[in-house]
Asks: 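Below: one structure in C-alpha cells.
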Amino acid sequence: MHERREGLPELPNSEGRELVFRFAPNPNGPLTLGHSRGVIINSEYARQHGGRIVLRFDDTGIKTKPPLAEAYGWIDDEFRWLTGRAPDVRLLASERMDLYLDKARDCLAQRICYVCTCTADEFKVTRVAREACPCRSRSSEQSLAEWEKMLDGTYAEGEAVVRVLTDMEESNPALRDWPALRIQTGEHPLVGTRYRVWPLLDFQSAIDDEEQGVTHIIRGKDLMDSTRKQTQLYDKLGWTYPETLYWGRVKVHEFGGFSTSQMRADIESGEFSDWDDIRLPTIRALRRRGFTAESLRLFWVELGLTQKDISVPLATLEAHNSGLVDASTPRLSLLRDPVRLALDVSAVEMPSELVLPNHPTEDLGVRTWPLDTDSGLEVLIEKGDLEFALSGDGVLRLKEFADIEVTSDGGGRMLHFEKGDGVRIVHWLAAGVERDAVLLHDCEGELQHPCMLESNDHAEGTLVQLERVGFARIEQVGDRGRPWRLVWTHG
RNA sequence: GCUGGUGUGGUGUAGUUCGGUCCAUCAUGACGGACUCUCGAUCCGUCGACCCGGGUUCAAAUCCCGGCAUCAGCACCA
C-alpha cells in the first residue's frame with residue numbers, strides 16, 4: 001500500500017527559488033466561499049514555501065461586472081481574516097492603467113497586436129471560418145494610427161479593439177486573434193472617466209503576472225484557455241509563463257454556485273437583505289454564522305487540487321468547525337416553543353440555587369440559577385418535550401437537576417433529584433433566568449424564531465452551544481425590551 | 001460544431017507520473033453499539049467505489065485503443 005499523501009500536492013518547479021503567488025479577484029462584491037479557495041490554497045502554498053502572496057484587484061471591467069467601491073476594503077478584511085495576515089503586496093489594476101496602455105503601444109509597434117475595427121459579429125464569422133479579417137494585414141504604423149483614434153475618442157465603444165496576432169489556423173477557436181484591449185466609456189468607481197481604452201483580463205493579467213514575478217498561478221480550470229492565450233503572448237514577448245495549477249468547479253449542495261453578480265442582483269431586488277444575509281455563500285455571512293477561518297482552511301486543503309467538478313455538502317465544513325470550536329464553546333439553554341410548568345415541590349427539599357457547568361468536560365466556569373420556590377417552582381421546557389412526555393408516562397429529566405412528572409394542564413411535580421433509568425433528559429429554564437431571544441436560521445429564509453434564552457453575560461460575537469439544539473453565535477446581546485439575537489451555525 | 005479538462009463507495013479524497021507492496025486510503029455520511037445528566041463530545045463496529053467495452057501483460061484503478069458521461073472555453077466579462 002502506498003503512503004497516504006498529507007495536505008496539498010507537491011508544487012512543480014518549486015525547488016531553490018523564491019516563490020510568488022497571487023490572488024486576483026474582481027472587486028465586484030465581497031468574497032464568496034468560492035473565492036476563499038483561491039485565498040486559502042495560494043496562501044497555504046506561500047506559507048509552506050516561505051513565498052510571497054500578491055493581492056491584486058483585477059478591476060478593469062466596468063461594464064459587465066463593474067467594481068464596487070466598498071468591496072476593496074471588504075476584500076482586504078476578508079483576506080486577512082482567512083489567512084491571518086495581510087498580503088505581501090497589494091495592487092489595483094485600475095491604478096496601473098498607464099502601464100497596460102504603454103505595453104499595448106509596444107505590442108502594436110512590434111506587430112504583436114493590431115487594431116481591429118470589425119464589429120464583434122463580423123469578427124466572429126472570420127474566427128469560425130479561420131480566415132483573416134481585413135484589419136489583420138494592418139502594418140504597425142497603421143495600427144498605431146488607429147490606436148490614437150481609440151484613445152482620442154474618434155472610435156466609440158465597440159468600434160475598435162486591439163487583438164493579439166496569433167494564428168487563424170489555431171485548432172482551438174478561443175486562441176485565434178483574441179482581444180486584448182477595448183473601449184469602455186463608463187465610469188470606474190475609483191478612476192472615474194480618466195481612461196477610455198481598457199485591457200481585458202488576459203492582457204492585463206499577463207502583464208501583471210510578469211511584472212510581479214509570479215511563479216505559480218493556482219486557479220479554477222475555467223481559466224485554462226486563459227493560460228493558453230497568455231502563454232501565446234508570453235512567447236511573443238520572450239517571457240516565461242508561470243507554473244499553473246487548476247481546480248475544478250465546486251458546488252455546495254446548500255448554495256449551488258457562487259455568482260457574485262447574481263447575488264448582487266438578488267440583493268438589489270430585495271430577495272436577500274444584504275451581503276451578509278445568512279443564506280448567502282459569502283465569507284461575511286459565514287463569519288456572521290460563526291464559522292471559523294480555520295474550518296475553511298481545513299475544508300479547502302482536504303478537497304485539494306483535483307480538476308474534478310465536485311459538489312460537496314456543507315456538512316463537511318460543519319464537521320471541521322464543530323471539531324474546532326466544541327471545546328471552547330460555553331453551553332446555554334435555549335427553548336424553542338417554550339411552555340411554562342408550575343411544579344409542586346413538596347416532595348423534595350429545594351435548594352435556593354442551582355450551579356451548572358458551562359461545559360461538560362472543559363473548565364469553562366459555571367453559571368448559577370437562583371430558584372424561587374416560595375410557591376412551588378416555575379420552569380420552562382420545549383413544547384415538543386412536553387408532548388413527548390404526555391404521550392408516555394409523563395416523566396422527564398430536567399437536565400442536571402431533577403426528574404419531574406408533568407400533567408396536561410400545565411402543572412406537574414418534582415419527583416426526586418436522582419435520575420431514573422430511561423428517562424428523557426430535556427434542557428429547561430427556571431423561571432427568572434429566561435430572556436426573550438430570536439434565532440436566525442438559514443433553513444426557512446432569514447426567519448426569526450422567537451425563543452427563550454438562558455440569561456448570561458457572554459459578549460456579542462461569542463459562539464455558544466445551545467444544549468440539544470446546536471451551535472449559534474450571539475449577534476446581539478439582549479437589553480431592556482430588546483431580545484437577544486442569535487445566528488444559527490450548525491448542529 | 002471546434003478546443004480542452006475530468007470520471008475511485010451516498011459525498012469528498014489518497015493511490016494513476018515509474019503496472020505487482022491495492023480483495024484499494026482517509027474523512028464525511030448513514031446505520032448499530034458503548035459511554036456520557038445534550039440530540040453534543042469520545043470510543044467501537046457495520047455499510048459502501050476503480051464510467052463502459054476491448055487490448056497488452058504472469059499481473060491493470062494505473063499502460064494502449066474505442067466509446068459514453070460530464071464540465072468548461074470559443075465575450076469588445078472577470
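Reminder, nothing fancy here: chain letters follow the sequence lines and each chain counts from 1. Please read these numbers as outputs of a predicted model, since none were measured by experiment.
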Asks: What distance, rounded to whole Å, do you find between the two P atoms, one in B/C51 and one in B/U57?
Replies: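 Going atom to atom, P in each nucleotide, I get 23 Å.
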
Asks: Any donor-acceptor pair under 3.5 Å linking the side chain of A/Arg424 with the backbone of A/Leu396?
Replies: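 The answer is no, because no donor-acceptor pair under 3.5 Å joins these two groups.
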
Asks: Quick one: A/Gln307 CD to B/G73 C1', roughly how many Å, whole number?
Replies: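 In whole Å, B/G73 C1' lies 14 Å from A/Gln307 CD.
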
Asks: Indicate yes or no: does A/Arg22 engage A/Asp209 in a salt bridge with an N to O separation below 4.0 Å.
Replies: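 The answer is yes: the pair qualifies as a salt bridge.
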
Asks: Determine the interatomic distance between P on B/U62 and the same-named atom on B/G19; round to the nearest Å.
Replies: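 Per the computed distance, 12 Å lies between those P atoms.
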
Asks: With a cut-off of 6.0 Å (strictly less than), are more than 12 heavy atoms of other residues, nucleotides or ligands near NZ of A/Lys383?
Replies: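 No, because the 6.0 Å sphere around NZ of A/Lys383 holds 12 heavy atoms or fewer from other groups.
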
Asks: Does A/Asp58 reach a base, just sugar-phosphate, or nothing at all? Heavy atoms under 4.0 Å.
Replies: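 Here A/Asp58 touches the backbone only, sparing every base.
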
Asks: Taking any heavy-atom pair under 4.0 Å as a contact, classify A/Phe417: base, sugar-phosphate, or nothing.
Replies: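 Touches a base.
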
Asks: Taking a pair as Watson-Crick or G-U wobble with both distances under 3.5 Å, which nucleotide is matched to B/U56?
Replies: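 Partner of B/U56: none.
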
Asks: Sticking with atom C1', work out how far B/C43 lies from B/G5, rounded to a whole angstrom.
Replies: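 Those two atoms are separated by 43 Å.
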
Asks: Answer yes or no: is there a donor N or O on one side and an acceptor on the other, between the side chain of A/Glu122 and the main chain of A/Thr119, under 3.5 Å?
Replies: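 Side chain of A/Glu122 to backbone of A/Thr119, a donor-acceptor pair under 3.5 Å: yes, one is there.
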
Asks: Please tell me whether A/Thr193 and A/Glu187 have a donor and an acceptor in their side chains that are separated by less than 3.5 angstrom.
Replies: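 No, A/Glu187 and A/Thr193 have no side-chain donor paired with an acceptor closer than 3.5 Å.
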
Asks: May I ask you to verify whether the side chain of A/Arg397 and the base of B/C37 hold a donor-acceptor pair under 3.5 Å?
Replies: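 Yes.
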
Asks: Can you measure A/Asp225 atom CG to B/G73 atom P for me and round it to whole angstrom units?
Replies: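 Rounding to the nearest Å, CG of A/Asp225 and P of B/G73 are 9 Å apart.
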
Asks: Taking the side chain of A/Arg424 as its heavy atoms from C-beta onward, which of B/G12, B/C39, B/A78 lies nearest to it?
Replies: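 For the A/Arg424 side chain, the nearest candidate turns out to be B/C39.
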
Asks: Strictly distance-based, threshold 3.5 Å: is any side-chain N or O of A/Tyr195 a donor or acceptor partner for the main-chain N or O of A/Leu101?
Replies: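 No, the answer is negative, given that no donor and acceptor are paired below the 3.5 Å cut-off.
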
Asks: Does anything in residues 169-187 of chain A come within less than 4.0 Å of RNA chain B? Heavy atoms only, and list the residues if so.
Replies: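 Only A/Ser171, A/Asn172, A/Pro173, A/Ala174, A/Pro179, A/Arg182 qualify.
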
Asks: In whole angstroms, how far is the P atom of B/A72 from the CZ atom of A/Phe258?
Replies: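 Between P of B/A72 and CZ of A/Phe258: 14 Å.
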
Asks: Taking CZ from A/Arg264 and P from B/C77, how many angstroms apart are they, rounded to a whole number?
Replies: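 For the pair A/Arg264 CZ and B/C77 P, the rounded distance is 16 Å.
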
Asks: Please determine whether a side-chain nitrogen of the Lys or Arg among A/Arg56 and A/Asp208 lies less than 4.0 Å from a carboxylate oxygen of the Asp or Glu.
Replies: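 Salt bridge between A/Arg56 and A/Asp208, a charged N being under 4.0 Å from a carboxylate O: yes.
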
Asks: Of A/Thr117 and A/Ser311, whose closest RNA chain B nucleotide lies nearer the 5' terminus?
Replies: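 On the 5' side of the pair lies A/Ser311.
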
Asks: How far does the C1' atom of B/U8 sit from the matching atom of B/G48, given to the nearest Å?
Replies: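 Result for the C1' pair: 12 Å, nearest Å.
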
Asks: Could you please name the partner base of B/U28, counting Watson-Crick and G-U wobble pairs only when both distances are under 3.5 Å?
Replies: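 Looking at the geometry, B/U28 pairs with B/G10.
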
Asks: Is there, by distance only and without an angle test, a donor paired with an acceptor across the side chain of A/Arg228 and the base of B/U3 below 3.5 Å?
Replies: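 Under the 3.5 Å cut-off, the side chain and the base do not form any donor-acceptor pair.
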
Asks: Separation of A/Leu223 atom CG from B/A75 atom C1', in whole Å?
Replies: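 That distance rounds to 14 Å.
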
Asks: Identify, between A/Ser322 and A/Thr306, the residue whose nearest nucleotide on RNA chain B lies closer to the 5' end.
Replies: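 Checking each residue's closest nucleotide, the 5'-ward one belongs to A/Thr306.
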
Asks: Can you identify which nucleotide, out of B/U13, B/A78, B/U38, has its nearest atom closest to the A/Lys308 side chain?
Replies: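 Side chain of A/Lys308 sits closest to B/U13.
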
Asks: Give the nucleotide from the list B/C71, B/C39, B/G12 with an atom nearest to the side chain of A/Leu303.
Replies: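 Selected nucleotide (nearest to the side chain): B/G12.
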
Asks: I'd like the P distance from B/C58 over to B/U11, given in whole Å.
Replies: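 One P to the other, the span is 37 Å.
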
Asks: In whole Å, what separates the C1' atom of B/A24 from that of B/C2?
Replies: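 So the two C1' atoms sit 38 Å from each other.
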
Asks: Whom does B/A78 pair with, Watson-Crick or G-U wobble, provided both distances fall under 3.5 Å?
Replies: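 Because no pair has both required distances under 3.5 Å, B/A78 counts as unpaired.
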
Asks: So which nucleotide does B/C2 pair with, by the Watson-Crick or G-U wobble rule with both distances under 3.5 Å?
Replies: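 B/C2 is paired with B/G73.
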
Asks: When you measure from the side chain of A/Val161, which nucleotide among B/A75, B/C76, B/C71 comes out closest?
Replies: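 Side chain of A/Val161 sits closest to B/C76.
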
Asks: Would you say A/Thr60 places a side-chain N or O within less than 4.0 Å of OP1 or OP2 belonging to B/A78?
Replies: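 For A/Thr60, the contact criterion (side-chain N or O under 4.0 Å from OP1 or OP2 of B/A78) is met.
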
Asks: Using a 4.0 Å heavy-atom cut-off, does A/Gly158 contact any base of the nucleic acid, only the sugar-phosphate backbone, or nothing at all?
Replies: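 The answer is base, as A/Gly158 lies within the cut-off (heavy atoms under 4.0 Å) of a base atom.
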
Asks: Given B/C71, B/C39, B/G40, which nucleotide is nearest the side-chain atoms of A/Arg468?
Replies: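 My answer, after comparing the listed nucleotides, is B/C39.
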
Asks: Could you work out the separation of B/U3 and B/G54 based on their P atoms and round it to a whole Å?
Replies: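 The answer is 29 Å between these two P atoms.
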
Asks: Could you check which of B/A41, B/U28, B/C39 has an atom nearest any side-chain atom of A/Ala319?
Replies: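 Among the listed nucleotides, the one closest to the side chain of A/Ala319 is B/U28.
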
Asks: Which nucleotide, if any, forms a Watson-Crick or G-U wobble pair with B/C43, using both distances under 3.5 Å?
Replies: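 Its partner is B/G33 (Watson-Crick or G-U wobble, both distances under 3.5 Å).
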
Asks: Select one nucleotide: of B/A27, B/U38, B/G4, the one nearest the side-chain heavy atoms of A/Glu302.
Replies: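 Minimum distance to the A/Glu302 side chain belongs to B/A27.
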
Asks: Sub-3.5 Å donor-acceptor pair from the side chain of A/Asn358 to the main-chain atoms of A/Leu364, do we have one?
Replies: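 Between the backbone of A/Leu364 and the side chain of A/Asn358 there is a qualifying donor-acceptor contact (under 3.5 Å).
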
Asks: Without decimals, in angstroms, what is the distance between A/Leu332 CG and B/G40 C1'?
Replies: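 The answer, rounded to whole Å, is 14 Å.
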
Asks: Between A/Thr260 and A/Gly29, is there a donor-acceptor pair closer than 3.5 Å when you use the side chain of the first and the backbone of the second?
Replies: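 Checked: no pair found.
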
Asks: In whole Å, I'd like the distance from the CD atom of A/Gln230 to the C1' atom of B/A78.
Replies: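 Interatomic distance, CD of A/Gln230 to C1' of B/A78: 12 Å.
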
Asks: Considering only B/U6, B/C37, B/C76, which nucleotide approaches the side chain of A/Glu400 most closely?
Replies: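 It is B/C37.
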
Asks: How many whole angstroms separate atom CG of A/Asp385 from atom C1' of B/C37?
Replies: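 A/Asp385 atom CG is separated from B/C37 atom C1' by 14 Å.
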
Asks: Establish whether the base of B/C37 is bridged to the side chain of A/Lys399 by a donor-acceptor pair shorter than 3.5 Å.
Replies: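 By the distance-only test, no, there is no pair.
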
Asks: More than 12 heavy atoms of other residues, nucleotides or ligands under 6.0 Å from CG of A/Asp152: yes or no?
Replies: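 Correct, the count exceeds 12.
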
Asks: Just compare B/U6, B/A75, B/C2 and give me whichever is closest to any side-chain atom of A/Arg127.
Replies: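 The answer is B/A75.
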
Asks: When the C1' atoms of B/G9 and B/U28 are considered, how many whole Å apart are they?
Replies: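 So the two C1' atoms sit 12 Å from each other.
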
Asks: Does A/Thr292 offer a backbone N or O that forms a donor-acceptor pair with the side chain of A/Asn321 under 3.5 Å?
Replies: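 Confirmed, A/Asn321 side chain pairs with A/Thr292 backbone.
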
